[in-house]
Amino acid sequence: MNQLRLDPLTGRWVVVSTERANRPRAFAPRIASIQADTSSPCPFCPGNEESTTPTLETLGPDGQWRVRVVPNKYPAFEGDAPFVVTNRGPVFTQASAGGIHEVLVLSPDHQNSWSMLSDDQTGAVMRAISDRIGEHASIPGLRYSQAIVNAGREAGASIEHPHGQLLGMSFVPRELVEEQAGFARFAGRCLLCTTVDAEENVGYRVIYSDEQVLVVCPFWSGSPYEMLVIPRAHGPHLHHSPTTDLLAVGRALTIALGRLRNVLGDVAYNLVFHSAPYRAPEPYHWHVHVVPKLTTVAGFELGTGVLINIVNPEQAAEELGAQQPVAN
């Protein structure tokens, strides 16, 4: 039977319709190659550092980088122009797109996606994300940082080498405003602290858990095999979290993505790190969305904003939870 499930983070309804998975080619095929021109050297591989803009930050011993942050050559946000809204007509409103857009190279190894990274490597990646968000927060005029990883062309990647992006912006985007409202309207203590307790009580949507983090296919999953990574320690800001929590979240992502690869193969996915705006008050609890790119958003979803999930999260969790932890 089809169901409507409410996403309490955003207030949107999600349709769970498992019979639609029986349609021919329910999952979109994986595009084999990202870069059309493979004859050019990869700008993110060691030895090709001069192919990119000057390095902002590196992490690694003895001058050999393990994680590298550089400005994006083609930034979506750039410059220190203040966020000033201008009305140019009855329906023409604009503002300057000032801010920061950076590339985070996850590893020197061209083939190492996040699911293949060691604990030490994911720890370095998480520290770099925290460092950069902290740096963005110190810049006057910026209000929010978005950290993402797009893996695969279907997920928006244009270069094969595993990398993420960090965008510091002068406004708070709608998705975060909706999540903040979800926390504010939740009756009781923190929405995600309650989610941790409730999911552990029922048990059958939990993918992975340890003393510091929980990974679930959330009840309100809007896409097949969607996962939510929640640090147990309550805190609104990723960049204020202790190193132990950052390391635990990085390792949990490796395990979750490894299990996804074991079940579905080399699928594209997005990682979306949600942390509260820099100076936002409680309530909020930072977390990571894992969204595999298995289906195509079509006219109904675009027209209504209502997602249709053809794999219920209980089934997805059963398949993913049956996998063994990834050995590093």
Participant: Who passes side-chain contact (heavy atoms from CB on, under 4.5 Å) against Glu301, sequence neighbours left out?
Facilitator: Val297, Ala298, Leu307, Ile308

Participant: Going by atom types only, do Arg251 and Tyr208 share a side-chain donor-acceptor pair under 3.5 Å?
Facilitator: yes

Participant: Grouping I, L, V, M, F, W and Y whenever their side-chain heavy atoms are under 4.5 Å apart, do Ile255 and Leu106 come out in a common cluster?
Facilitator: yes

Participant: Please tell me if the side chains of Trp65 and Glu49 come closer than 4.5 Å, counting only heavy atoms from C-beta onward.
Facilitator: yes

Participant: Is Leu6 reachable from Phe183 through a run of I, L, V, M, F, W or Y residues, each pair having side-chain heavy atoms under 4.5 Å apart?
Facilitator: no

Participant: Above 12 or not: heavy atoms from other molecules or residues under 6.0 Å from CG of Asp80?
Facilitator: no

Participant: So do Leu56 and Pro71 actually touch side chain to side chain, heavy atoms under 4.5 Å?
Facilitator: yes

Participant: Once you round to the nearest 0.5 Å, how far does CG of Leu167 lie from CD1 of Ile148?
Facilitator: 6.0 Å

Participant: Does Ala256 offer a backbone N or O that forms a donor-acceptor pair with the side chain of Ser115 under 3.5 Å?
Facilitator: no

Participant: Taking all non-hydrogen atoms of both residues into account, name the closest pair between Leu176 and Ser275 and its distance.
Facilitator: CD1-O, 3.6 Å

Participant: Locate the shortest heavy-atom distance separating Ala147 from Ile129; write the atom from each residue and the value.
Facilitator: CB-CG2, 4.0 Å

Participant: Can you hop from Met227 to Val272 via hydrophobic side chains spaced under 4.5 Å?
Facilitator: no

Participant: Should the pair His287 and Tyr284 be assigned to parallel (<30°), tilted (30 to 60°) or perpendicular (>60°) ring geometry?
Facilitator: tilted

Participant: Testing the 3.5 Å rule here: is there a donor-acceptor pair between the side chains of Arg261 and Ser113?
Facilitator: no

Participant: Should Thr52 and Arg68 count as side-chain neighbours, where that means a heavy-atom distance under 4.5 Å?
Facilitator: yes

Participant: When you compare the side chain of Val172 with that of Gln180, does any pair of heavy atoms fall below 4.5 Å?
Facilitator: yes

Participant: Cut-off 3.5 Å, side chains only: do His289 and Glu226 have a donor facing an acceptor?
Facilitator: no

Participant: Find out whether Leu191 and Thr194 are in side-chain contact, i.e. whether some heavy atom of one side chain is under 4.5 Å from a heavy atom of the other.
Facilitator: no

Participant: Please check if Val69 and Trp114 belong to a single hydrophobic cluster, counting links between Ile, Leu, Val, Met, Phe, Trp and Tyr side chain heavy atoms closer than 4.5 Å.
Facilitator: yes

Participant: Minimum heavy-atom separation for Ser107 to Leu117, with atom names?
Facilitator: CB-CD2, 3.9 Å

Participant: Quick one: do the Tyr278 and Ser145 side chains pair a donor with an acceptor below 3.5 Å?
Facilitator: yes

Participant: Can you tell me how far the CG atom of Asn72 sits from the CD atom of Gln165, to the nearest 0.5 Å?
Facilitator: 5.5 Å

Participant: To the nearest 0.5 Å, what is the distance between OG1 (Thr296) and CD (Glu154)?
Facilitator: 9.0 Å

Participant: For the CD atom of Glu102 and the OG1 atom of Thr53, what is their distance to the nearest 0.5 Å?
Facilitator: 9.5 Å

Participant: Please list, chain by chain and in numerical order, all residues satisfying side chain to side chain donor-acceptor pair (under 3.5 Å) with Arg88, sequence neighbours excluded.
Facilitator: Gln94

Participant: Measuring only between side-chain heavy atoms, which start at C-beta, is Leu142 closer than 4.5 Å to Phe77?
Facilitator: no

Participant: Measure the shortest side-chain to side-chain distance between Trp220 and Leu9 over non-hydrogen atoms and say whether it is less than 4.5 angstrom.
Facilitator: yes

Participant: Is it the case that one hydrophobic cluster holds both Val215 and Leu192, taking links as side-chain heavy atoms less than 4.5 Å apart, direct or via other members?
Facilitator: no

Participant: Under a plain distance cut-off of 3.5 Å, with no hydrogens placed, do Thr93 and Asn87 share a side-chain donor-acceptor pair?
Facilitator: yes

Participant: Are any of the side-chain nitrogens in Glu178 or Arg12 under 4.0 Å away from the carboxylate oxygens of its partner?
Facilitator: yes

Participant: Within the 4.5 Å heavy-atom criterion, are Leu166 and Ile100 side-chain neighbours or not?
Facilitator: no

Participant: Does atom CZ (Arg279) have a neighbourhood of more than 12 heavy atoms from anything else shown, all under 6.0 Å?
Facilitator: yes

Participant: Supply the atom-to-atom distance Tyr225 OH to Leu260 CG, rounded to the nearest 0.5 angstrom.
Facilitator: 9.0 Å

Participant: Taking all heavy atoms of Pro46 and all of Pro108, pick out the closest pair and write down the distance.
Facilitator: CD-O, 3.2 Å

Participant: Check the side chains of Glu160 and His110 for a donor-acceptor pair under 3.5 angstrom, ignoring hydrogens and angles.
Facilitator: yes

Participant: Can you classify the ring geometry of Phe44 versus His161 as parallel (below 30°), tilted (30 to 60°) or perpendicular (above 60°)?
Facilitator: perpendicular

